[in-house]
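Notes to accompany the following structure.
What you are looking at is a predicted structure, and each value in this text was computed from that prediction instead of being measured. Here is the naming used below: chain letters follow the sequence lines, and residue numbers restart at 1 for every chain.
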Protein chains: 2
Amino acid sequence: MAKPPKENSPITEHLAYLLAQANREINRQLELRLSKEGVPVEQWRILKVLSDGDGHSMGELADAVLLNHPTLTKMIDRMVSDALVYRVQDPNDRRKVLMFISDRGKVLCKKLNSLAVDQEEHIVESYGDKSTSELKRLLESLIDSSN
Amino acid sequence: MAKPPKENSPITEHLAYLLAQANREINRQLELRLSKEGVPVEQWRILKVLSDGDGHSMGELADAVLLNHPTLTKMIDRMVSDALVYRVQDPNDRRKVLMFISDRGKVLCKKLNSLAVDQEEHIVESYGDKSTSELKRLLESLIDSSN
DNA sequence: CTTCAATTCTTGAATATTCAATATTTTCAA
DNA sequence: TTGAAAATATTGAATATTCAAGAATTGAAG
């Protein structure tokens, strides 16, 4: 049982496909919740990372929120317009821009966090506590082993 | 241990984030392999689904390869230009279009399959046989429980 | 010190994706 | 049978993403 895929095995047995499928489904659900506040998932991630109150450079942020640099720049432009975050030039290295969350951003982030927590609780309900934490553990270790 | 995320837990503890991260990484690796043949991951998926030789409607395909309809239509347009697949109107329901893989498509698909198998083997090597099959099992069951 | 390579971020053009609307065919109720 | 609603696929405009190039700053070798 659970053999490695042969050349002609269905695509649904490939790890890459299962990950894509699971990611798509969970992301779709999360998107649905966050749309109550009209915010895309990526913006929630950005707010969440910045909510430690420290300044984060664009490069750091891009890694953390899984966006490449130009896409992040343009998304940050929108968020600055919405006064959720703001830019400050790094005094120690003036090539860098440090991003900070605004008060308005913090308020929004709290609301989004609770919507996201709702979702995780919903998953745990239907999928099980044990499975959820085991899945998280395995995903973390897969990510580790890929670096 | 392994508590559900609190409102202020780091984003890296959320299942949605771990899935996105793992998916991104594995997909990046697969993309890299398939780029040897100059083919995007989605086209490999399409070829693989069609390689059963049956005709598949666009809607069926879109579900199977995780693309929405207009995106699939445009990708299929390109693949038809490259003579990898072809369209046939469904004789039983003329609203539908049935997609088939061409001989050229089959040849390419074989090459892509072996590149993809290489990757899975590489994952199994560094991540472990046990973990891989356990992860697959958990992902399948997560997907199931989400429908 | 100077210059050249590397780092960081942004920009603009090219490309891809998505949303809404359209065309066609089928289904089904009246 | 007819006509309205549903299903299927495509199209075009709006939006978003990506690639390649550019601007600014830093690092570091000569």
Item to check | Parallel, tilted or perpendicular, as decided by the 30° and 60° cut-offs, for the rings of A:Tyr86 and A:Phe100 | outcome: parallel
Next on the checklist: Applying side chain to side chain donor-acceptor pair (under 3.5 Å), can you list everything that pairs with B:Glu140, at least two apart in sequence or on another chain?
Outcome noted: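 Here no residue qualifies.
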For the atom pair [atom1] ([X]) and [atom2] ([Y]), what is the distance rounded to the nearest 0.5 Å?
X: A:Ser114; Y: A:Glu121; atom1: OG; atom2: CD; result: 9.5 Å
X: B:Ile26; Y: B:Gln119; atom1: CD1; atom2: CD; result: 6.0 Å
X: B:Lys36; Y: B:Leu112; atom1: NZ; atom2: CG; result: 10.5 Å

Whole-Å distance between [N] [atom2] and [X] [atom1]?
X: B:Asp90; N: C:dT25; atom1: CG; atom2: P; value: 13 Å
X: B:His56; N: D:dT8; atom1: NE2; atom2: P; value: 16 Å
X: A:Leu72; N: C:dT8; atom1: CG; atom2: C1'; value: 12 Å
X: A:His69; N: C:dT10; atom1: NE2; atom2: P; value: 10 Å
X: B:Ile76; N: C:dT17; atom1: CD1; atom2: P; value: 13 Å
X: B:Glu42; N: C:dA16; atom1: CD; atom2: P; value: 11 Å
X: A:Met75; N: C:dC9; atom1: CE; atom2: P; value: 17 Å
X: B:Met58; N: C:dT24; atom1: CE; atom2: C1'; value: 15 Å

Checklist entry - Hey, can you pull the residues of residues 18-27 of chain A with a non-hydrogen atom under 4.0 angstrom from DNA chain D? => result none
Next on the checklist: Can you pull out the residues from residues 77-88 of chain B that lie within a 4.0 Å heavy-atom distance of DNA chain D?
Outcome noted: B:Arg87
Check: protein-nucleotides 3-7 of chain C nitrogen or oxygen pairs below 3.5 Å:
unit_1: C:dT7; atom_1: O4'; unit_2: A:Arg95; atom_2: NH1; d: 3.4
unit_1: C:dT7; atom_1: O2; unit_2: A:Arg95; atom_2: NH1; d: 3.0

Item to check | pair A:Leu115-A:Trp44: side-chain heavy atoms closer than 4.5 Å | outcome: no
Checklist entry - Is the shortest heavy-atom distance from the side chain of A:Leu19 to the side chain of A:Leu142 under 4.5 Å? => result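 Side chain of A:Leu19 against side chain of A:Leu142, heavy atoms only: contact under 4.5 Å found.
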Verify same cluster id: [X], [Y] (apolar side-chain graph, 4.5 Å):
X: A:Leu30; Y: A:Met75; result: yes
X: B:Leu18; Y: A:Val124; result: no
X: A:Ile46; Y: A:Ile101; result: yes

Item to check | A:Glu120 and A:Lys136 ion-paired at < 4.0 Å | outcome: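 Yes, charged N to carboxylate O under 4.0 Å.
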Next on the checklist: Tell me whether A:Arg28 is salt-bridged to A:Glu31, with the criterion being a basic N under 4.0 Å from an acidic carboxylate O.
Outcome noted: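 No, this pair does not count.
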Checklist entry - Which heavy atom in A:Ala16 sits nearest to a heavy atom in B:Asn23, and how many Å separate them? => result O-OD1, 4.2 Å
Do any side-chain atoms of residues 54-72 of chain B form donor-acceptor pairs under 3.5 angstrom with protein atoms, and if so which ones, sequence neighbours left out?
unit_1: B:His56; atom_1: ND1; unit_2: B:Glu60; atom_2: OE2; d: 2.7
unit_1: B:His56; atom_1: NE2; unit_2: B:Asp52; atom_2: OD1; d: 3.0
unit_1: B:His56; atom_1: NE2; unit_2: B:Asp52; atom_2: OD2; d: 2.9
unit_1: B:Ser57; atom_1: OG; unit_2: B:Glu60; atom_2: N; d: 3.2
unit_1: B:Glu60; atom_1: OE1; unit_2: B:Ser57; atom_2: N; d: 3.4
unit_1: B:Asn68; atom_1: OD1; unit_2: B:Thr71; atom_2: OG1; d: 2.7

Strictly under 3.5 Å: I want the nitrogen or oxygen pairs between protein and nucleotides 18-20 of chain C, one per line.
unit_1: C:dT18; atom_1: OP2; unit_2: B:Asn68; atom_2: OD1; d: 3.0
unit_1: C:dT18; atom_1: OP2; unit_2: B:Asn68; atom_2: ND2; d: 3.2
unit_1: C:dT18; atom_1: OP2; unit_2: B:Thr71; atom_2: OG1; d: 3.0
unit_1: C:dT18; atom_1: O4; unit_2: B:Lys74; atom_2: NZ; d: 2.4

Item to check | Residue-phosphate contact under 4.0 Å: A:Ser57 side-chain N/O, C:dC9 OP1/OP2 | outcome: yes
